[in-house]
Amino acid sequence: FGMGGTSRIDFLGNDVDTTSDTNLFGEENENGFSRNQTGVIGLSHLYYFNSNTYSKVSLGASNVSVQYDEDSLSATDRSPVRTENVDYRQTKYSLNWLLSRKFNARNTLQGGYIGDLYDFSLFNRVYFPDQGLTPIRDTRGNTLLSQAHAQWQHKFNDRVTLNAGLNLLHLSLNGSLALEPRLGLRYQINPRTSFNAGYGYHSQMQPLLAYFKAATLEDGRRVLTNRELGFTRSQHFALGLDRMVTETLRLKAEAYYQRITKAAVQPYPTSYSVLNTGADFDSPDEDSLVNNGTGRNYGLELTAEKFYGNGYYFLVTASLYDSKYEGSDQIRRNTAFNGGYVLNVLAGKEFKVGRKNNVLNLDWKVTAAGGRYATPLDFEQSRRAGTEVYREDQAFSNQLTDYFRTDLKLSYRMNRARVTHEFSLDLQNVTNNQNLFAQRYNARTNRVVNEYQIGFFPIPQYRILF
């Protein structure tokens, strides 16, 4: 199996509409040039030794390349000055091996190994007024993330099944090691209804970029102060109920609680935590981090699923949740992602057309979610500085407006003896709803402006399948 792609986009400040609030792609006083490539290739092999024992081996390689250059535009003559240069390249080689043995009708044992070898080149320069373009990352190397795991399944009877396992995790970069127990219990109340309960202890390496953020010491030396960061740890608890109402309609409910420890935070009292990484396009750029942060998430997941039949399907998922964290200042705050709820609706209908079994498909998707949390701007300080200054003492206290988006896809499939032609039109955000992404300070107009996510975006497509 394999896939690959490349993309490029330029964000030109002179092209930004300055007469109204903007979308998030572009800043009027900056030029941004983004280049991205990605690819993956792999091979999987399944082998049965006998009817009770099998082995599965998967080998894969993936590559990601991110290049970004940013220029600041002069307010007088609009001449560009390079302020940032990013060149991140990562190749990952993966091995996943599983051996499964069924001893009898009640006992099955599985074990295996997962290895991910990261080979990377991370280069990042940022402009400082007194230093010019200065490297904050400049490293090449590799590291191996290894997982050895074993799981035992025991069926006490036709109704009760126990799954118990252990996972051993090791990161060669700094020797981080974690032993993780897992436990799951399933009770089949009747042929259509089951109850499940589970516990898991999980560990996660930090974002790769975080390990290689260099700090400058007083003597001018640059030191990788984050290199020895350990894993972020979490304990998961879950209870669920699963009901097959009919042969094609399934209802499911699950309650969960997650307790997070050893999250990366700063060594002095601040609101920063790596748990908020991913809320924007910025990479984790804090140095001298320590594993002293905590967090917790809990919620309820509801699912209604109609499997495809009689020409249609639907899937409805709803999540009610709460997500909090504590930085090194030990103040409990909302995480950036604490929207409170998410509702997803996916449905589709298929129509047979003509005598050659051509097919017309109509697919509909709706997503509604609570607004994410952001840190409010300090308007007066931003005005004096000429750029955004945030109220860090009120970190993630400002909830943005709720998110709503609906997509509509029309497709026509022509089935032939040896080939299939498919024409489709994907109408993303068909209502052109303005979903708020962030609020920025505009020094030219001396006001706070809204930046919105993508509006209505049609995507025509033609596929030929052999």
Side-chain angles (χ1 to χ4, degrees), residues 1-3 38-64 90-120 141-156 160-188 194 196-208 211 229-238 240 242 254 256 258-262:
F1 57 89
M3 64 170 289
T38 186
V40 60
I41 189 170
L43 175 69
S44 181
H45 180 251
L46 178 65
Y47 182 78
Y48 285 91
F49 296 95
N50 52 53
S51 60
N52 294 320
T53 307
Y54 71 87
S55 173
K56 184 175 182 179
V57 178
S58 297
L59 298 172
S62 62
N63 178 267
V64 175
Q90 175 187 293
T91 301
K92 183 172 72 171
Y93 304 96
S94 300
L95 165 67
N96 190 333
W97 171 68
L98 175 69
L99 180 65
S100 179
R101 168 70 176 174
K102 184 177 180 179
F103 291 95
N104 50 51
R106 291 191 175 185
N107 294 282
T108 301
L109 185 64
Q110 292 184 336
Y113 171 81
I114 301 173
D116 292 316
L117 176 63
Y118 296 86
D119 188 80
F120 51 83
N142 55 71
T143 186
L144 177 64
L145 181 67
S146 298
Q147 299 180 65
H149 58 90
Q151 177 180 292
W152 170 55
Q153 182 184 87
H154 177 69
K155 295 182 179 180
F156 292 94
V160 182
T161 302
L162 175 72
N163 288 286
L166 279 176
N167 189 67
L168 181 65
L169 190 65
H170 178 262
L171 180 65
S172 66
L173 179 71
N174 54 25
S176 294
L177 188 68
L179 184 63
E180 307 165 337
R182 315 277 172 81
L183 192 66
L185 182 69
R186 179 183 174 89
Y187 176 62
Q188 195 71 38
S194 64
N196 61 80
Y199 167 80
Y201 190 55
H202 299 264
S203 304
Q204 185 179 46
M205 64 181 288
Q206 306 301 328
L208 190 63
Y211 291 107
L229 281 172
F231 296 128
T232 297
R233 309 292 182 93
S234 63
Q235 298 188 68
H236 296 210
F237 304 85
D242 199 321
E254 184 176 83
Y256 65 88
Q258 180 186 32
R259 174 62 178 168
I260 302 172
T261 57
K262 297 188 180 299

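Quantities reported herein were computed from a predicted structural model and do not represent experimental measurements.
With a 4.5 Å cut-off on side-chain heavy atoms, W97 and L99 count as touching. Between N167 and H202 the shortest side-chain heavy-atom distance does not fall below 4.5 Å. The shortest side-chain heavy-atom distance between L98 and Y54 falls under the 4.5 Å cut-off. In this structure, H236 and Y256 have side chains that are not in contact, with every pair of non-hydrogen atoms separated by 4.5 Å or more.
For the salt bridge (charged side-chain N to carboxylate O under 4.0 Å, His left out) test, residues two or more places apart in sequence or in another chain that qualify with D242 are R250. Residues passing the side-chain contact (heavy atoms from CB on, under 4.5 Å) test with Q204, sequence neighbours excluded: none. Applying the side-chain hydrogen bond (donor to acceptor under 3.5 Å, both in side chains) rule to Y48 yields no partners; only residues at least two apart in sequence or on another chain are considered. Listed by chain and number, the residues in a side-chain hydrogen bond (donor to acceptor under 3.5 Å, both in side chains) with S100 are Q110 (sequence neighbours excluded). T261 is linked by a side-chain hydrogen bond (donor to acceptor under 3.5 Å, both in side chains) to nothing, counting only residues two or more places apart in sequence or in another chain. The side-chain contact (heavy atoms from CB on, under 4.5 Å) search around N52 returns N50, R101, K102, not counting sequence neighbours. Under the ring pair (Phe, Tyr, Trp, His ring centres under 6.0 Å) criterion, Y187 pairs with no residue at all, not counting sequence neighbours. Under the side-chain hydrogen bond (donor to acceptor under 3.5 Å, both in side chains) criterion, T232 pairs with Q206, not counting sequence neighbours. Partners of R182 according to the salt bridge (charged side-chain N to carboxylate O under 4.0 Å, His left out) rule, which considers only residues two or more places apart in sequence or in another chain, are E180. Considering only residues two or more places apart in sequence or on other chains, H154 meets the side-chain contact (heavy atoms from CB on, under 4.5 Å) condition with R106, N107, W152, F156. Remark: T38 engages V64 in a side-chain contact (heavy atoms from CB on, under 4.5 Å) (not counting sequence neighbours).
Under the 30°/60° scheme for interplanar angles, the aromatic rings of Y47 and H45 are found to lie parallel.
Within the model, atoms CG of L144 and OG of S172 stand 5.0 Å from one another, a figure rounded to the nearest 0.5 Å. One distance of note links OG1 of T161 with NZ of K155; it measures 5.5 Å at 0.5 Å rounding.
Contact between S146 and Y113 at its shortest, heavy atoms only, is OG-OH, 3.0 Å. Looking at every heavy atom in both residues, N174 comes nearest to L229 through ND2-O, 2.8 Å. Between I260 and S234, the shortest heavy-atom distance links the atoms CG1-CB, 4.0 Å. Residues D116 and S94 come closest through the heavy atom pair OD1-OG, 2.7 Å. Taking both residues in full, the closest heavy atoms of L208 and F120 are given as CD2-CD2, 3.9 Å, listed atom of the first, atom of the second, then distance. Closest approach of L43 and F1 over heavy atoms only: N-CE2, 3.7 Å.
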Compile the donor-acceptor pairs under 3.5 Å between side chains in residues 56-63 and protein atoms, sequence neighbours left out, one pair per line.
from: S58; atom 1: OG; to: S44; atom 2: OG; distance (Å): 3.2
from: N63; atom 1: ND2; to: Q90; atom 2: O; distance (Å): 3.4
from: N63; atom 1: ND2; to: T91; atom 2: OG1; distance (Å): 2.8

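For L177, the CG atom is densely surrounded, since the number of other residues' heavy atoms within 6.0 Å is greater than 12.
A donor and an acceptor atom, one from each side chain of R186 and S194, are located under 3.5 Å apart.
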